[in-house]
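Values below: all heavy atoms of this structure, side chains included; hydrogens, waters and symmetry mates excluded. Every chain is numbered from 1, with letters handed out A, B, ... down the list of sequences. Being a predicted model, the structure only gives us computed values, none of them experimental.
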Amino acid sequence: MIRLLFFGRLGDVAAGVATSIEASEGLTPSAVREALAVDYPSLAAELSQPQVLVSIDQCIADWDQPIADGAELAFLPPVTGG
Amino acid sequence: MIRLLFFGRLGDVAAGVATSIEASEGLTPSAVREALAVDYPSLAAELSQPQVLVSIDQCIADWDQPIADGAELAFLPPVTGG
Amino acid sequence: MSAHVIIRVQRADFDLASEYQRLRQSTTAVGAVVTFCGLVRDLENETAIDSLSLQHYPGMTESLLEDIVAQAEQRWRLIGVTLIHRVGQLSPSDQIVFVGVASEHRKDAFEAAEYLMDYLKTRATFWKKIDQGGQQYWVDSKDSDQLALDRWQRDD
Amino acid sequence: MSAHVIIRVQRADFDLASEYQRLRQSTTAVGAVVTFCGLVRDLENETAIDSLSLQHYPGMTESLLEDIVAQAEQRWRLIGVTLIHRVGQLSPSDQIVFVGVASEHRKDAFEAAEYLMDYLKTRATFWKKIDQGGQQYWVDSKDSDQLALDRWQRDD
């Protein structure tokens with residue numbers, strides 16, 4: 001299983017979305033986004049915004065980086081702290 | 001009369017020097033320094049260092065600026081506050 | 001030389017005076033302490049706000065802040081660094097963020113403090129939501145923050 | 001917009017916390033407060049010092065500090081500025097100088113505070129004398145301070 005996290009405005013858009021997804025060989029953040037697009041097209045559109053970053057196990061990752069089973073995948077809109 | 005002030009290291013070198021000088025037509029800081037050179041050559045040498053500034057009535061002044069009677073003339077070595 | 005580093009993400013308020021005293025007393029070599037406090041401004045887009053809530057990504061935030069401090073330590077001679085960021089609900093004039101830097105000379109403390117804030121603003125995983133007359137919305141990131149960061153990268 | 005300005009030259013110590021609270025409460029628009037504290041370092045020329053005494057030119061110092069603050073107000077949007085400089089005899093680790101700036105945005109506060117210190121260091125009529133093992137001598141001015149100042153003048 002891969003744990004899914006959505007932060008900031010993405011958390012609002014992802015309300016009701018499953019908090020995990022089945023792991024599979026060679027799964028990437030891009031593939032997760034495509035899988036979400038089936039049931040949640042507006043969320044997938046938000047995730048496709050160029051400023052959205054992804055992290056795997058709390059490290060910024062590429063969209064085509066493979067995700068290991070048991071990992072934590074987070075979608076991060078532009079940060080606004082400070 | 002013109003009041004004379006010497007700050008920082010100049011105050012040590014000027015120990016014993018008169019704290020005022022007679023005013024006269026067209027008197028300038030340079031002329032005061034020359035007058036001091038007669039009795040206090042080592043002080044005059046210190047005052048000739050290029051970093052030494054003068055102020056007249058608490059405003060930074062030129063060495064050839066006339067000094068009015070009653071003014072306050074100060075010799076200022078490089079500042080070291082903060 | 002490794003600086004005394006404190007990093008905290010917390011709901012509670014912080015006390016500038018005690019943070020300053022700790023930085024000041026890091027070692028007897030301290031000659032300069034620069035502090036920055038960020039406060040909740042009363043206006044957003046020229047309209048009064050009721051409150052602000054700050055979300056973050058626990059774990060990732062702390063490790064990003066550690067990275068940012070480590071980078072600052074490579075660029076400047078620092079004796080102490082403290083970084084505190086609040087999360088949760090805040091009101092106008094509340095303190096949000098504290099950066100404190102102690103060093104021998106002022107230039108290191110000033111530059112490192114500004115660098116830490118510029119990096120924190122654009123890299124650390126915090127998100128602000130504003131409540132303005134019952135309307136809630138997420139704050140957009142600012143181009144000016146990205147520009148502030150770019151300046152340090154040009155120097156690299 | 002004219003900033004709330006406080007300038008003090010005094011023998012007494014100052015309290016960062018109360019100076020910060022005053023700056024923070026200048027108006028509800030304050031979003032950033034930067035403070036700088038300069039402390040007496042334990043070493044001068046790599047040798048321990050016993051004490052430091054600070055002389056100044058009363059009257060002229062205050063008016064120079066007012067000029068410096070007025071120049072900063074022309075360059076940045078400032079809400080509050082506090083400048084305190086101590087004179088008389090000081091010991092290692094004692095506070096010497098405080099600069100505090102409150103503004104809406106952090107860039108103004110950071111830059112103005114650093115500018116005020118750079119100008120104060122090279123323009124304000126203070127002189128330091130060091131007592132090191134019974135030997136007293138006047139501190140020489142530093143080239144690095146003049147260079148720090150030149151940077152702002154290039155920007156003019």
Side-chain angles (χ1 to χ4, degrees), chain C residues 15-21 23-44 46 48-49 52 79 91-118 120-121 142 144-145 147-148 151, chain D residues 15-21 23-44 46 48-49 52 79 91-118 120-121 142 144-145 147-148 151:
Chain C
D15 176 45
L16 175 78
S18 40
E19 300 307 330
Y20 165 66
Q21 290 304 337
L23 286 163
R24 179 181 166 184
Q25 288 152 14
S26 305
T27 73
T28 54
V30 174
V33 179
V34 169
T35 72
F36 171 83
C37 289
L39 308 175
V40 180
R41 295 177 52 223
D42 57 344
L43 302 178
E44 181 77 20
E46 294 170 23
I49 73 160
L52 188 75
I79 299 174
S91 301
S93 294
D94 279 356
Q95 300 183 129
I96 309 177
V97 57
F98 173 83
V99 171
V101 179
S103 60
E104 285 180 55
H105 301 288
R106 74 185 185 284
K107 190 172 191 293
D108 295 289
F110 270 119
E111 293 191 358
E114 196 171 3
Y115 175 94
L116 289 168
M117 274 307 301
D118 287 348
L120 184 154
K121 278 264 181 188
K142 287 191 197 137
S144 60
D145 287 327
L147 290 172
R151 188 166 50 106
Chain D
D15 176 45
L16 176 77
S18 40
E19 299 308 329
Y20 166 65
Q21 290 304 338
L23 285 163
R24 180 182 168 184
Q25 288 152 14
S26 305
T27 73
T28 54
V30 173
V33 180
V34 169
T35 71
F36 170 84
C37 288
L39 309 175
V40 179
R41 295 178 54 225
D42 56 346
L43 302 178
E44 182 76 20
E46 294 169 22
I49 73 159
L52 187 75
I79 299 174
S91 301
S93 296
D94 279 355
Q95 300 183 130
I96 309 177
V97 56
F98 172 84
V99 171
V101 179
S103 60
E104 285 181 55
H105 301 288
R106 73 184 184 286
K107 191 172 191 291
D108 295 289
F110 269 118
E111 294 191 358
E114 196 171 3
Y115 175 94
L116 289 168
M117 273 308 300
D118 287 348
L120 183 153
K121 277 265 180 187
K142 289 193 195 131
S144 60
D145 289 327
L147 290 171
R151 189 166 47 105

Checklist entry - Most heavy-atom pairs under 4.5 angstrom with chain D, which of C/Ala109, C/Ser144, C/Gly31? => result C/Gly31
Checklist outcome for this item: Among C/Ala17, C/Gly100, C/Gly38, C/Ala32, the residue with the most heavy-atom pairs under 4.5 Å to chain D is C/Ala32
Item to check | Contacting region of D/Ala148 [heavy-atom separation from chain C under 4.5 Å] | outcome: side chain
Item to check | Portion of D/Ala113 that has a non-hydrogen atom of chain C nearer than 4.5 angstrom | outcome: both
Checklist entry - Which region of C/Gln25, side chain (C-beta onward) or backbone (N, CA, C, O), has a non-hydrogen atom less than 4.5 Å from a non-hydrogen atom of chain D, or is it both or neither? => result neither
Next on the checklist: Closer than 3.5 angstrom, by distance alone: can the side chain of C/Arg24 be matched with the main-chain N or O of D/Ser93 as a donor-acceptor pair?
Outcome noted: yes
Checklist entry - Could you state the interatomic distance from CZ (D/Phe36) to OG1 (C/Thr35), rounded to the nearest 0.5 Å? => result 11.0 Å
Item to check | Nearest-0.5 Å distance, CG of residue C/Leu16 to CD of residue D/Gln21 | outcome: 8.0 Å
Checklist entry - Would D/Arg106 and C/Glu114 count as a side-chain contact (heavy atoms from CB on, under 4.5 Å) if you check the C-alpha gap in whole Å, the side-chain angles of each, and the deciding distance to 0.1 Å? => result CA-CA 8 Å; D/Arg106 73 184 184 286; C/Glu114 196 171 3; 5.9 Å; no
Checklist entry - So does D/Lys107 pair up with C/Asp118, basic N to acidic O under 4.0 Å? => result no
Checklist entry - Is the ring centre of D/Phe110 less than 6.0 Å from the ring centre of C/Phe110? => result no
Next on the checklist: With a 4.5 Å cut-off on side-chain heavy atoms, are C/Val34 and D/Val34 touching?
Outcome noted: yes
Item to check | Most chain C-contacting option - heavy-atom pairs closer than 4.5 Å, from D/Met117, D/Gln95, D/Glu111, D/His105 | outcome: D/Gln95
